[in-house]
Amino acid sequence: CTALFVALNLLVLESLQLDPARFARRAVYMAALGYILAYWGGAEAVLRRKLTFLKELSLIANPRFGVDRTIRQMLRRLLEYFQADYCFVLIMGDDQSLHFYRVGGESEDSEAPQPMKVREQAEIPMMNTSDPTIGAFVSRISLLKNRPSYKAYDAKTQDVTELPAETAVDAAELLSVRSFVTAPLRYRERIRGRVLVGSTEPSLFSIDDAAFLQQAADQVLPLIENIRLVDRLASDAAEEERRKIARSVHDRVIQPYLGLQI
């Protein structure tokens, strides 16, 4: 709009007899006001998209489908939101073992592999469950700065620090991605695992994406723990019912039958 305003006024500048200083001020004011309005509108649109995504994450949790399907649905939604190519979750199970879930951009839920059990000290970068780092890695900062960058975000102080990129580069090469964001899975002040979203594009993510990934992880992990609790209660109730049936059969059927045999 500012360019069109300047072009039209330049065409009829002589007939309008405008003051050049006043004309320049008008163009600058229009550009500044347009930038402010566009920035506010973009920020509001991004915020609405984030809130909608967090609401969808809350709706996918269903105890009838179990933990595995809920986690895979969460990973699929993360891929769609970030427009990424790879996503994994490393989470601690009920037996205190680590379960590894992964989803790629080309895989479907019906063909998703079963979660793998991994060792606590796995020889794989970015799979240390005790690491509280909220990080964003890009293999190329911009067209002018063709070098990798790995930044960490502190959720309490909201500080951003630059970390050595060697470990992140090794993880990116292992996962066949060129940029990723990662965050710990925290539940009741304890770290229960880690989530990572990666892409083959060299500079897709930012530190704001890593901070939002942490928000999504903090919201979905209590839902997963609640589903596990419901499954455990259902299993305990079924086991108790089996014991009642066994005791009833033993006391009411087997004992008279043995007496008749004797």
Is the backbone of [Y] close enough, under 3.5 Å, to the side chain of [X] for a donor and an acceptor to pair up by distance?
X    : Y    : result
T133 : G135 : no
Q214 : A155 : no
N9   : F5   : yes
S176 : A172 : no
S199 : D85  : no

Atom pair [atom1]/[atom2] of [X] and [Y] - distance to nearest 0.5 Å:
X    : Y    : atom1 : atom2 : answer
I91  : L98  : CD1   : CG    : 10.0 Å
L204 : F82  : CG    : CZ    : 9.0 Å
T200 : L175 : OG1   : CG    : 12.5 Å
T182 : L213 : OG1   : CG    : 7.0 Å
R69  : R76  : CZ    : CZ    : 12.5 Å
I245 : R243 : CD1   : CZ    : 12.5 Å

Below 4.5 Å, heavy atoms only, C-beta onward: do [X] and [Y] meet side chain to side chain?
X   : Y    : value
V89 : M74  : yes
L57 : R77  : yes
S58 : Q219 : yes
K50 : Q215 : no

Assess the pair Y81 and F212: is the distance between their ring centroids shorter than 6.0 Å? yes
I'd like to know whether the aromatic ring centres of F88 and F100 sit less than 6.0 Å apart in this structure. yes
Would you please say whether a donor-acceptor pair under 3.5 Å links the side chains of D154 and T157? yes
With no hydrogens and no angle check, do the side chains of E162 and S149 hold a donor and an acceptor under 3.5 Å apart? yes
Kindly determine whether C87 and R102 satisfy side chain to side chain contact (heavy atoms under 4.5 Å, CB included), including the steps that lead there. CA-CA 6 Å; C87 185; R102 65 176 180 86; over 6 Å; no
Between the side chains of R48 and E44, is the shortest nitrogen-to-carboxylate-oxygen separation below 4.0 Å, so that they form an ion pair? yes
Lys/Arg-Asp/Glu bridge criterion (N-O < 4.0 Å) met for E201, R178: no
What heavy-atom pair brings [X] and [Y] nearest, and what distance separates the two atoms?
X    : Y    : answer
Y150 : A168 : CG-CB, 3.7 Å
Y101 : D68  : OH-OD1, 2.5 Å
A210 : V181 : N-CG1, 3.8 Å
F205 : A84  : CZ-CB, 4.1 Å
V138 : S203 : CG1-CA, 3.8 Å
I134 : A211 : CG2-N, 4.3 Å

Could you state whether [X] and [Y] fall into the same hydrophobic cluster, counting links through intermediate Ile, Leu, Val, Met, Phe, Trp or Tyr residues with side-chain heavy atoms under 4.5 angstrom apart?
X    : Y    : answer
I227 : L54  : yes
V160 : F180 : no
L78  : Y153 : no
Y187 : V195 : yes

Can you confirm whether Q83 is buried at CD, in the sense that more than 12 heavy atoms of other residues, nucleotides or ligands lie under 6.0 Å from that atom? no
Criterion side chain to side chain contact (heavy atoms under 4.5 Å, CB included) on L163 and T161, from CA distance to verdict: CA-CA 6 Å; L163 298 179; T161 57; 4.3 Å; yes
For D218, enumerate each residue passing the salt bridge (charged side-chain N to carboxylate O under 4.0 Å, His left out) test, keeping only those at least two apart in sequence or located in another chain.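 Partners of D218 under the salt bridge (charged side-chain N to carboxylate O under 4.0 Å, His left out) test: R186.
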Can you list everything that forms a salt bridge (charged side-chain N to carboxylate O under 4.0 Å, His left out) with R242? Sequence neighbours excluded, please. E239
